[in-house]
2 protein chains.
Amino acid sequence: MGWAAASLPGLGPEDAARLDALPVHILPRGARVFGPGETPQGFAMVLSGRIEVSLTGPSGREILLYAVEPGQSCIQTTLGLLGDEPYSGEALCVTDTRVAVIPAPLFHALMARSEAFRGFVFRALASRMNDMTALLERVAFTRVEARLAAALLDLGGTGAVAATHAELAARIGSAREVVSRRLEAMAKRGLVATDRGRVELRDPAALKRLAEAQ
Amino acid sequence: MGWAAASLPGLGPEDAARLDALPVHILPRGARVFGPGETPQGFAMVLSGRIEVSLTGPSGREILLYAVEPGQSCIQTTLGLLGDEPYSGEALCVTDTRVAVIPAPLFHALMARSEAFRGFVFRALASRMNDMTALLERVAFTRVEARLAAALLDLGGTGAVAATHAELAARIGSAREVVSRRLEAMAKRGLVATDRGRVELRDPAALKRLAEAQ
DNA sequence: CTTCGCCGGTGATCTGGTCACAGACCGACT
DNA sequence: AGTCGGTCTGTGACCAGATCACCGGCGAAG
C-alpha cells in the first residue's frame with residue numbers, strides 16, 4: 001500500500017494510485033523548505049522525517065510555530081495555493097525528509113471531486129489554527145519557566161534532551177541567557193541536570209506540573 | 001442584488017439565491033457569538049456590524065485575535081465544521097451585527113460543487129492564518145509601545161479614540177497599568193493627549209513610525 | 001447630594017530581555 | 001602537545017513589562 005491510501009482514508013483507489021505515482025523529493029537535514037515571502041507551487045505532504053516552521057524577529061530572536069510530521073501536509077503550501085498570500089515563516093528540515101508534492105492542478109481537481117481529500121485538508125488547517133492559537137496563548141500569558149518545561153518534555157519525555165540553551169530559547173521564543181538562568185534555577189530544585197549541549201530530566205512529573213501551571 | 005452574489009463573486013445564480021434566502025440573525029452589541037469549547041453548527045457570514053474574537057488567559061488578561069467584518073466569515077465556524085476541534089477563543093459583537101448562517105449540509109454541498117465558494121473559504125482561512133502569524137510575531141517580538149501605537153491608529157486613525165486604558169490593554173494583550181504609563185510617556189512627548197475614556201492622537205505620523213519600529 | 005462603580009495614577013517588587021563580557025570546552029590543525 | 005577559532009555557558013548591570021496593593025477622582029443612579 002502506498003502512502004496516499006494510508007494518509008487519506010476514503011480516497012478513491014485511482015486517485016490514491018495517482019498520488020502514489022508522484023515523484024518523492026528527498027530533502028537533507030537542515031534544508032530550507034521555504035523562506036519568508038515565497039509562494040509555493042504545490043501541496044506538500046511529508047512522508048518521513050520532520051519539518052519545523054519558525055518565525056524570526058528583527059532582533060534575531062526566533063520561535064517555533066509548529067512541526068510537520070509524516071502524514072501531515074505543510075499547511076503553508078495549502079494556503080499559498082488558494083489564498084495566494086505569501087508567508088512570513090521559515091521551514092527547515094530537522095531530519096532527512098521525504099516529501100511528495102501534489103502539483104496545483106491535481107490539488108484543485110482533488111478538492112473538487114473528493115470529499116475525503118477536502119476533509120483531510122480542512123482537518124489539517126483546523127488543527128494548525130488550533131496549534132497557533134494555543135501557542136499565542138502560551139506566549140502571551142504564561143511564564144518562560146512553564147514554556148521551557150513543556151519544551152523539555154516535548155523534546156525528550158524520557159531521560160535527556162540534546163539541545164543547547166540557544167536552541168531551547170529559539171523554540172520557546174525567549175533569550176539564551178534567560179534559558180540559562182531558568183535551567184540553573186530548575187537544576188537547583190533538582191528538576192534537571194545540565195551539561196554542555198544536554199539537559200537531563202530528573203523529575204519529569206514535577207516538570208509536567210510546571211509546564212501546566214498557569 | 002443579495003449579499004451572496006456580492007460577497008462570493010463567481011457563485012452560480014441559483015446557489016446565490018439559495019444563500020440569500022437564508023434567515024438572517026440579528027445579534028445585539030455585546031452578544032457572545034461563541035465561547036471557549038463550543039462547536040458551531042453552521043458557517044457564519046457577517047453581513048453588517050463587527051465581531052471581535054479574543055483570547056483570555058487564566059489571569060484574566062485578554063488579547064484581541066482578530067475582527068470579523070462584513071463580507072467575511074467567522075472562521076472558527078468553518079474550522080468547527082470540518083475539523084471538529086473545539087475552539088478556545090471568545091467572540092463578541094462590538095456593534096449590532098447581522099449574520100447569515102449556512103447550515104452544515106448546504107455548506108458541504110457548496111464546497112463540493114462550487115469552485116468559487118471553495119476559493120472564498122480558502123482565502124478567508126489563509127488570511128486569518130496570516131493575521132494570527134502576524135499577531136504572534138508582534139506579541140513575541142515587539143514592545144508594548146509599538147503595539148499600543150498600532151492599536152490607537154487602528155481604532156481611530158483620525159483625531160481621537162474612545163477607549164479606556166483597560167480596553168486598550170485587552171486589545172494588545174498587556175496590563176492596564178502598563179498602558180497608563182506608556183500613554184503618559186507618549187503624552188509627554190506630544191504624541192497623544194489623554195482624557196477620561198478618550199485618547200486624542202496629536203501626531204499620527206509619529207505614532208505610525210512608532211508602530212512600525214522593531 | 002451622597003454613594004457606588006468605573007477609571008486612572010502610583011510605588012514596590014518580580015520576571016524577562018538586552019548588552020557586554022569572560023571563561024570553558026571542543027575539534028582541528030600543526 | 002600546543003594553540004587556535006568557534007561554540008556553549010555563566011554573570012552582572014540595566015531596562016521593559018507584569019503584578020500587587022492602594023488611592024483619589026469622576027459620574028451616573030438613586
Side-chain angles (χ1 to χ4, degrees), chain A residues 30 55-63 136-152 160-189 192-200 210-211 213-214, chain B residues 30 55-63 136-152 160-189 192-200 210-211 213-214:
Chain A
L55 208 54
T56 304
S59 65
R61 252 168 73 208
E62 270 184 66
I63 186 167
L136 184 53
E137 183 163 4
R138 284 187 76 77
V139 170
F141 300 135
T142 72
R143 41 191 56 208
V144 164
E145 200 162 71
R147 285 187 274 150
L148 180 55
L152 289 172
V161 171
T164 66
H165 298 183
E167 283 162 4
L168 292 169
R171 177 164 290 253
I172 65 174
S174 177
R176 201 254 317 156
E177 301 91 317
V178 176
V179 168
S180 283
R181 291 196 247 255
R182 285 298 98 206
L183 281 176
E184 191 188 359
M186 287 159 77
K188 209 163 283 175
R189 283 182 277 155
V192 301
T194 68
D195 196 359
R196 193 185 173 84
R198 206 169 143 281
V199 180
E200 192 181 331
L210 230 180
Q214 318 165 32
Chain B
L55 209 53
T56 304
S59 65
R61 250 168 73 209
E62 270 184 67
I63 186 167
L136 185 53
E137 182 163 5
R138 283 188 77 76
V139 170
F141 300 136
T142 73
R143 43 191 56 211
V144 164
E145 200 161 74
R147 284 187 273 153
L148 181 54
L152 289 173
V161 171
T164 66
H165 298 184
E167 283 163 3
L168 291 169
R171 177 165 287 255
I172 66 173
S174 177
R176 201 252 318 154
E177 300 90 318
V178 176
V179 168
S180 284
R181 291 195 246 254
R182 285 299 96 205
L183 280 178
E184 190 189 359
M186 286 158 76
K188 207 163 285 174
R189 281 183 277 155
V192 300
T194 68
D195 195 359
R196 194 185 173 83
R198 204 167 142 285
V199 181
E200 191 182 332
L210 195 61
Q214 316 167 36

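The sequence lines fix the lettering, A, B, ..., with proteins before strands; numbering per chain opens at 1. Side-chain atoms are counted along with the backbone in the values below, which use heavy atoms only and exclude waters and symmetry mates. What you see is a predicted model, and the numbers here were worked out from it, not measured in a lab.
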* Asked: Can you name the residues that form a side-chain contact (heavy atoms from CB on, under 4.5 Å) with Ala213(A), not counting sequence neighbours?
  -> none
* Structure fact -> Across all chains, not counting sequence neighbours, the side-chain contact (heavy atoms from CB on, under 4.5 Å) partners of Ala150(A) are Arg138(A), Ala211(A)
* How would you list, by chain and number, every residue that makes a side-chain hydrogen bond (donor to acceptor under 3.5 Å, both in side chains) with Ser180(B), sequence neighbours excluded? -> His165(B)
* Once you round it to whole Å, what is the distance between C1' of dG10(D) and CG of Leu183(A)? -> 12 Å
Once you round to the nearest 0.5 Å, how far does [atom1] of [X] lie from [atom2] of [Y]?
{"X": "Thr56(A)", "Y": "Glu137(B)", "atom1": "OG1", "atom2": "CD", "answer": "8.5 Å"}
{"X": "Leu148(B)", "Y": "Leu168(B)", "atom1": "CG", "atom2": "CG", "answer": "6.0 Å"}
{"X": "Ile172(B)", "Y": "Thr142(B)", "atom1": "CD1", "atom2": "OG1", "answer": "9.0 Å"}
{"X": "Glu62(B)", "Y": "Phe141(A)", "atom1": "CD", "atom2": "CZ", "answer": "7.5 Å"}

Set out, line by line, the N/O atom pairs under 3.5 Å between protein and nucleotides 15-19 of chain D.
{"from": "dG17(D)", "atom 1": "OP1", "to": "Val144(B)", "atom 2": "N", "distance (Å)": "2.9"}
{"from": "dA18(D)", "atom 1": "OP2", "to": "Ser174(B)", "atom 2": "OG", "distance (Å)": "2.6"}
{"from": "dA18(D)", "atom 1": "O3'", "to": "Arg61(B)", "atom 2": "NH1", "distance (Å)": "3.3"}
{"from": "dT19(D)", "atom 1": "OP1", "to": "Arg61(B)", "atom 2": "NH1", "distance (Å)": "3.4"}
{"from": "dT19(D)", "atom 1": "OP2", "to": "Arg61(B)", "atom 2": "NH1", "distance (Å)": "3.4"}
{"from": "dT19(D)", "atom 1": "O4", "to": "Arg181(B)", "atom 2": "NH2", "distance (Å)": "2.9"}

* Structure fact -> Sorted by chain and number, sequence neighbours left out, salt bridge (Lys or Arg N to Asp or Glu O under 4.0 Å) with Arg196(A) holds for none
Set out, line by line, the N/O atom pairs under 3.5 Å between protein and nucleotides 4-9 of chain D.
{"from": "dT7(D)", "atom 1": "O2", "to": "Arg196(A)", "atom 2": "NH2", "distance (Å)": "2.8"}
{"from": "dC8(D)", "atom 1": "O4'", "to": "Arg196(A)", "atom 2": "NH2", "distance (Å)": "3.3"}
{"from": "dT9(D)", "atom 1": "OP1", "to": "Gly197(A)", "atom 2": "N", "distance (Å)": "2.7"}
{"from": "dT9(D)", "atom 1": "OP2", "to": "His165(A)", "atom 2": "N", "distance (Å)": "2.8"}

